[in-house]
Amino acid sequence: MTRRRNLVHPLPEPLDQSFYNQSTLQLAQSLLGKLLLKETDEGIVAGFIVETEAYMGPEDRAAHSFNNKRTKRTAIMFGEPGYAYTYVMHTHCLFNVVSGSVDDPKAVLIRGVEPYLGQSVMEKRRPKARKLSQLTNGPGKLTKALGITMDDYGNKLDHPPLWIAPGRTVEDEQMNSGPRIGIDNSGEARDYPWRFWVDGNAFISK
DNA sequence: ACCGGGATGGGA
DNA sequence: CCCATCCCGGTG
């Protein structure tokens, strides 16, 4: 008897540590097109990253690590890049990729992904999504769809259950940038064009 | 202990 | 536009 399996062969290979050794603004753009994968007992779910935001740490009033603020929550950002920084926003878990070298607490927020694997599992987890685009077109939506939780805090992104693979190429001409979302109380930082997205993609948050 | 705010999402 | 809902961080 054959068994349905939510697996792809070969499994998308994780990006290695050298990928994360680039400046945060470059990383935020390089992450566009990369494949974000999460494995749970419901199978592997994955999506192409289509929208990101850079948070520039000590110099960025919108960043949780502004002025080098170090708390239990921000601690992971002070370590090596390539780790998961998750935190709770209202009722949602938001997912960031830690950037910057040790003691340079920067991060890239993932704001939108395009479903690639496990769409039916995502739909089950996001019953309120009325259209396909609503499944994963926001930072809180995509964590719910992918099954990313606070349990993923601090985990390195080069192995299951949560990892990032090369995915597909996004040309520079397809990339767009503009001010970040939801940081109106961050003074001049609110206008910095540190949000990046794939032009015309249906899974952009706004 | 208490209290206020927030990198959101969904519904009126 | 409003608000649910909740963890974290600052304060006392």
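Each chain gets a letter, A, B and so on, in the order the sequences are listed, and its residues count up from 1. Since we're looking at a predicted model, the values are computed, not measured.
If you measure from atom NE2 of A:His90 to atom C1' of C:dC8, you get 13 Å, rounded to the nearest angstrom. Spacing between atom CD1 of A:Ile76 and atom C1' of B:dA7 amounts to 18 Å, rounded to whole angstrom units. Taking atom NZ on A:Lys131 and atom C1' on B:dG9, their separation rounds to 15 Å, with Å as the unit. Between the CG atom of A:Asn67 and the P atom of C:dG10 there is a distance of 12 Å, given to the nearest Å. Remark: C1' of C:dG9 and CZ of A:Phe66 are 17 Å apart, rounded to the nearest angstrom. One can place CD of A:Gln134 at 8 Å from P of B:dG10, the figure rounded to the nearest angstrom. In this structure, the CG atom of A:Asn137 is 12 Å from the C1' atom of B:dT8, given to the nearest Å. Whole-Å rounding puts the A:Asp191 CG to B:dA7 P distance at 16 Å.
Using a 4.0 Å heavy-atom distance criterion, A:Lys69 is classed as a sugar-phosphate-only contact. Nucleic acid contact for A:Leu109: base, since at least one base atom lies under 4.0 Å from a heavy atom of the residue.
Stacking here means ring centres nearer than 5.5 Å and ring planes tilted less than 30 degrees, and by that measure A:His64 stacks onto B:dA7.
Close to B:dA7, at under 4.0 Å from its OP1 or OP2, lies no side-chain N or O of A:Arg190. In this model, the phosphate group of B:dG10 is approached by a side-chain N or O of A:Arg126 to a distance below 4.0 Å at OP1 or OP2. Phosphate contact (OP1/OP2 of B:dT8, side-chain N/O of A:Thr91, threshold under 4.0 Å): absent.
Looking only at atom types and distance, the side chain of A:Glu51 has a donor-acceptor partner in the side chain of A:Ser205 under 3.5 Å away. For the residue pair A:Tyr116 / A:Glu114, no side-chain donor-acceptor distance below 3.5 Å is found, with atom types taken as modelled. For the residue pair A:Gln17/A:Asp158, the side-chain donor-acceptor check at 3.5 Å is not satisfied. At a cut-off of 3.5 Å, with distance as the only test, no side-chain donor of A:Ser101 or A:Glu80 sits close to an acceptor on the other residue.
Nearest-nucleotide positions on DNA chain B for A:Ser65 and A:Lys128 put A:Ser65 closer to the 5' end. Residues A:Met150 and A:His92 both approach DNA chain C. Their nearest nucleotides, taken by heavy-atom distance, put A:His92 toward the 5′ side.
Look at A:Lys106 and A:Asp60 and you find no salt bridge, because none of the NZ, NE, NH1 or NH2 atoms lies under 4.0 Å from a carboxylate O. Residues A:Glu53 and A:Arg180 are not paired through a salt bridge, judged by the lack of any N-O separation under 4.0 Å between the basic side chain and the carboxylate.
In the set C:dG9, B:dT8, C:dT5, the nucleotide with an atom closest to the side chain of A:Arg73 is C:dG9. Nearest to the side chain of A:Lys141, among C:dC7, B:dG10, B:dT8, sits B:dG10.
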For A:Arg125 and A:Thr40, run side-chain hydrogen bond (donor to acceptor under 3.5 Å, both in side chains): C-alpha distance rounded to whole Å, both residues' side-chain angles, the deciding distance at 0.1 Å, then the answer. CA-CA 12 Å; A:Arg125 291 170 176 164; A:Thr40 69; 3.0 Å; yes
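In this structure, A:Gln119 contributes its side chain and A:Pro115 its backbone to no donor-acceptor pair below 3.5 Å.
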Dot-bracket encoding per residue of DNA chain B, Watson-Crick/G-U cut-off under 3.5 Å, | denoting interstrand: ||||||.||||.
